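Please read the structure below before turning to the comments.
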Amino acid sequence: MQVEPQEVSLGWEIAVLTVLGLALMIFIGWYSYNRRVGVDVDDFFSASKSLGFLIIGLTIFADSYSGNSFLGYAAETYRSGAWFLVYPQFMVAAVIGSLIVAPPLINLGLKWDYTSPIDYLEHRFDSRVAFLAVFFLLWGTFLQFTEQFFAMGYLGNVASGGVLPYQLVIVLFAVVILLYVGLGGFRGTALTAAVQGTLMLFSLSLMLLLIGMLDGFTAQMETVWQQAPEKLTLPDTATMRGGYSTIVLILLGLPTYIHIQQFYLGVRDAEDLRSTFRLQAPVFFFAAITLWIIGMFASGVFPGLSQSQSEQVVPYLLGAFVQLEGSTLLPSLIALGVIMATLSTAGATVMVVSMVLAKDLYGRFIDPNAPDGQVINVSRVFLALSLVVALGIAFRPSLTIWTWTELKFEFLLQATPLFVFGLYTHRVKNTPAIAGMLVGCAVAIALYLTGNPEVYSFHAGIIGLIANSAVFLGGSFLSGQDAETERAKRILEYNSIAVANAEDERDVRYVLPAETKSFWIGLTIIVALMVPWYAPAAWNARLAFGLPIWTWVIIGALVLETLFVVFSTYIWRPKGPTSSGQDAPHEEETTAD
C-alpha cells in the first residue's frame with residue numbers, strides 16, 4: 001500500500017478533543033494554584049516534595065517523550081532506516097544514566113533541603129561553579145522547549161488540512177502553556193504532565209492499531225526491501241561508531257537536563273524513587289520501540305520523501321488513514337496524544353527555565369533579599385519572555401528536529417561531570433570544575449567552527465566531555481585534599497542515606513546502583529551488545545515481519561537493557577538504619593540557601 005502524502009483535515013473530532021484537552025490543562029493549573037501550600041518558592045518550584053512515584057514516573061515519561069519524539073524521531077527512523085534502533089536504545093540508556101545521577105541527588109536534596117539542582121551545585125561546589133553551569137543547563141532545556149514549537153506547528157498545520165497556518169498554531173499553544181504553567185507552578189506542571197503521559201501511552205497503542213489497519217507492518221517492509229534495501233542492511237563501521245557516540249550522548253545528557261532533575265527532586269523518598277525507575281523502564285521501552293516501528297512503517301507507505309517532508313510522516317500517516325478508511329476519530333485520538341506530548345515537555349521545560357532565571361539567577365545574584373512572592377512573579381515574567389523568544393526561533397524552522405536534538409546535548413554535556421563525579425567523590429574541586437567546563441565547551445565549539453561536528457563519527461560534545469573530565473579530575477586530584485574537599489566530604493556523607501521522615505525516626509543507608517560492581521559489569525555487557533559490530537553479513541537475511549536477523553538481535557539487546565534497569569533497582573537496596581550516635585554522619589554542614 002502506497003498513498004500520496006497529503007494534508008488531510010481531521011475534522012471536528014480533533015477540534016473538539018483539542019479544546020477539551022487544553023481546557024483540562026488550564027483547569028489543572030487553576031486547581032494546583034488553589035492547592036498551593038502558601039506562597040513560597042519551595043512549594044511553587046518543587047510541590048514541597050509531596051509527589052508519589054506514579055505522578056513522577058508518568059511526568060518524567062511525558063517530559064522525556066515530547067512532540068519531537070513523536071514527530072522527529074519517527075522522521076529520523078524514516079531517513080536512517082532500521083539502524084535507528086539506536087533511538088530506543090539510547091532512551092532506555094537515559095534511564096540508566098538517571099540511575100547514576102538521581103539516587104544520590106535525591107538523598108542530598110532531602111537532607112540539605114534543595115529546591116532545585118542549582119541548590120546542589122552551589123552547596124556542593126560554590127556560586128561560581130553554579131553560575132557557569134546554569135548556562136549549559138539552560139542551553140539544553142531551552143532548546144528542548146523550543147523544539148516543541150516545531151512539532152506543534154507541523155501537527156496543527158497538517159491535521160487541519162492546511163487551514164491553520166503553522167505560525168498561528170504555535171502562538172495558540174504558547175498562550176495555553178503560559179496559563180497553566182504560570183498558575184500551577186511545579187505541582188500543576190507535574191499533575192498535567194502525568195495526565196498527558198497517560199494520554200500519550202493511549203495514543204501510542206492506537207498507533208500500533210493504525211498500522212494493522214493499513215495493511216500491516218510486514219507488507220510495508222516488503223516495499224522497503226524493494227525500493228530502499230539499504231534501510232534494512234547492516235550499517236557501516238563509521239555509522240556504528242556514531243551509534244555508540246549517540247548512546248553516550250543521551251545516556252549522560254538526558255539525566256543532566258535540569259527539568260528532569262527537578263522532577264526527581266520532587267519525589268517523596270528513596271522508595272518512591274526506586275518505584276519510579278521500575279515504572280520508567282518498560283514505559284520508555286514501549287514508547288521508543290513503537291515510534292521506531294512507525295518510522296519504519298512509513299518508509300514503506302511513503303517512499304522517497306524529501307528531508308522536510310519526512311519531518312511530517314506521522315501527520316501524513318494519519319492523513320493516509322483518513323483517505324483509505326474515511327474515518328477521522330482514530331487519527332484524531334492519536335493526534336491528541338502528540339499534542340499532549342508536545343505540551344508536556346514544553347510546559348515542564350519552560351517552567352524550569354523560568355525557575356532558574358528567577359530563583360537561581362535573579363534571586364541569588366540580583367536581589368538575594370527578594371521575598372518568595374516576588375521571585376514567583378519574576379518567574380512568570382521570565383516564562384512569558386521565554387515563550388516569546390522560542391516563538392521567534394520557531395517561526396521559520398531551518399533545521400530538522402533531530403539536528404536540534406543533537407545540538408542541545410553537545411553543550412549540555414559539559415555540565416554532566418558536576419553530577420557524575422561531584423555526587424560520588426569529595427575529591428573534585430571548584431576551580432578544576434570551572435576550567436573543565438570552559439575547556440570542554442571550547443573544544444566542542446572549535447570542532448564545530450572548523451567544520452568537524454564529528455571526529456571519527458564521535459560527536460564534538462563527546463570529545464569536549466572527555467577533555468572536560470580530564471581537566472576536572474586531573475586538576476582536582478593533582479591539587480590534593482584540603483579544607484574544600486573536607487567540606488565536600490561532610491556534604492557527601494549523605495549521598496546514600498535516606499533522611500528519616502515523620503513515621504520513621506531513623507535514617508536509612510542505601511547501597512546505590514553505581515556503587516556496586518554488578519551494575520558496572522552489567523552495563524558494560526549491555527553497551528557491548530547494543531551496536532551490531534559483531535554481526536556477520538549473513539544476518540542481513542530476513543526473519544520475522546520482514547526484518548533482518550541483525551535487527552532482532554539488537555531488539556533482544558534492548559529487552560536486556562530494559563531488564564537491566566529493573567535489576568538495578570533491586571541491587572539499590574537499604575543497607576540498614578543509622579541509629580543516632582552510631583555511624584551517623586557529621587551534622588556540621590548547613591543546608592543550602
Side-chain angles (χ1 to χ4, degrees), residues 53-78 82 84-99 151 193-213 216-217 247 250-251 254-255 260 263 274-298 313-314 317 330 333-342 344-345 526 529-530 544-545 547 551-569:
F53 81 90
L54 186 60
I55 296 294
I56 293 295
L58 287 171
T59 294
I60 292 174
F61 160 65
D63 193 7
S64 302
Y65 285 80
S66 55
N68 63 297
S69 300
F70 275 68
L71 301 187
Y73 292 169
E76 186 61 29
T77 299
Y78 175 94
F84 208 59
L85 269 169
V86 72
Y87 163 52
Q89 287 177 329
F90 71 59
M91 288 307 294
V92 178
V95 183
I96 297 175
S98 293
L99 276 167
V195 173
Q196 291 162 335
T198 304
L199 291 173
M200 288 161 58
L201 290 173
F202 179 61
S203 173
L204 288 165
S205 301
L206 293 181
M207 282 185 174
L208 295 177
L209 178 62
L210 180 142
I211 287 175
M213 296 177 73
F217 186 80
I247 290 169
I250 311 299
L251 185 151
L254 196 142
I260 296 291
F263 282 115
R274 290 206 302 168
S275 298
T276 295
F277 280 103
R278 289 168 189 163
L279 173 65
Q280 280 182 274
V283 168
F284 271 50
F285 168 82
F286 170 72
I289 199 70
T290 299
L291 291 170
W292 177 83
I293 290 170
I294 287 289
M296 290 303 300
F297 179 76
V313 291
V314 171
L317 282 174
L330 179 65
L333 289 170
I334 293 173
L336 180 65
V338 183
I339 291 168
M340 293 301 106
T342 306
S344 63
T345 303
I526 292 297
L529 293 174
M530 282 181 180
F545 296 102
L547 292 172
T551 61
W552 286 105
V553 173
I554 299 307
I555 290 171
L558 177 59
V559 172
L560 286 177
E561 183 186 10
T562 305
L563 293 174
F564 174 71
V565 175
V566 179
F567 164 75
S568 297
T569 66

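We number each residue from 1, following the sequence as shown. Note that this is a predicted model, so its numbers are computed, not measured. These numbers come from the heavy atoms of this one structure, side chains and all, not from hydrogens, waters or symmetry mates.
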If you define the side chain from C-beta out and look only at heavy atoms, does anything of [X] sit under 4.5 Å from [Y]?
{"X": "Ile289", "Y": "Leu85", "result": "yes"}
{"X": "Phe70", "Y": "Val314", "result": "no"}
{"X": "Phe202", "Y": "Thr198", "result": "no"}
{"X": "Ile260", "Y": "Ser64", "result": "yes"}

Would you name the heavy atoms of [X] and [Y] that are closest together and state the gap between them?
{"X": "Leu251", "Y": "Ala93", "value": "CG-O, 3.5 Å"}
{"X": "Ile554", "Y": "Met530", "value": "CD1-O, 3.3 Å"}
{"X": "Gly57", "Y": "Leu279", "value": "CA-CD2, 3.9 Å"}
{"X": "Thr551", "Y": "Leu547", "value": "OG1-CB, 3.4 Å"}
{"X": "Ala94", "Y": "Pro255", "value": "O-CG, 3.5 Å"}
{"X": "Gln89", "Y": "Ile247", "value": "OE1-CD1, 3.9 Å"}

### Message
According to ring-ring contact (aromatic ring centres under 6.0 Å, His included), who are the partners of Phe284, at least two apart in sequence or on a separate chain?
### Response
Tyr65
### Task
Show your working on side-chain contact (heavy atoms from CB on, under 4.5 Å) between Phe286 and Leu204 and close with a plain yes or no.
CA-CA 9 Å; Phe286 170 72; Leu204 288 165; 3.8 Å; yes
Roughly how far, to the nearest 0.5 Å, is the [atom2] atom of [Y] from the [atom1] atom of [X]?
{"X": "Leu99", "Y": "Phe277", "atom1": "CG", "atom2": "CZ", "value": "4.5 Å"}
{"X": "Ile96", "Y": "Leu254", "atom1": "CD1", "atom2": "CG", "value": "12.5 Å"}
{"X": "Ser568", "Y": "Arg278", "atom1": "OG", "atom2": "CZ", "value": "10.5 Å"}
{"X": "Gln280", "Y": "Leu58", "atom1": "CD", "atom2": "CG", "value": "9.5 Å"}
{"X": "Leu54", "Y": "Thr59", "atom1": "CG", "atom2": "OG1", "value": "9.0 Å"}
{"X": "Leu563", "Y": "Leu558", "atom1": "CG", "atom2": "CG", "value": "9.5 Å"}

#### Entry: Residues Phe285, Val565; criterion side-chain contact (heavy atoms from CB on, under 4.5 Å); working and verdict
CA-CA 11 Å; Phe285 168 82; Val565 175; over 6 Å; no
### Task
Indicate the ring-plane relationship of Phe217 and Trp292, choosing parallel, tilted or perpendicular according to the 30° and 60° boundaries.
tilted
### Message
So does Leu199 get a backbone contact from the side chain of Ser203, meaning a donor-acceptor N/O pair under 3.5 Å?
### Response
no
### Residues that Glu561 engages under side chain to side chain donor-acceptor pair (under 3.5 Å), provided they are two or more places apart
none
### Task
Start with the C-alpha gap between Leu291 and Met207, add the side-chain angles, then the distance that decides, and say whether side-chain contact (heavy atoms from CB on, under 4.5 Å) holds.
CA-CA 9 Å; Leu291 291 170; Met207 282 185 174; 4.2 Å; yes
### Message
Apply side-chain contact (heavy atoms from CB on, under 4.5 Å) to residues Phe297 and Ile294 and explain how you reach the verdict.
### Response
CA-CA 5 Å; Phe297 179 76; Ile294 287 289; 5.6 Å; no
### Task
Kindly check if the number of other-residue, nucleotide or ligand heavy atoms within 6.0 Å of CZ (Phe545) is above 12?
no
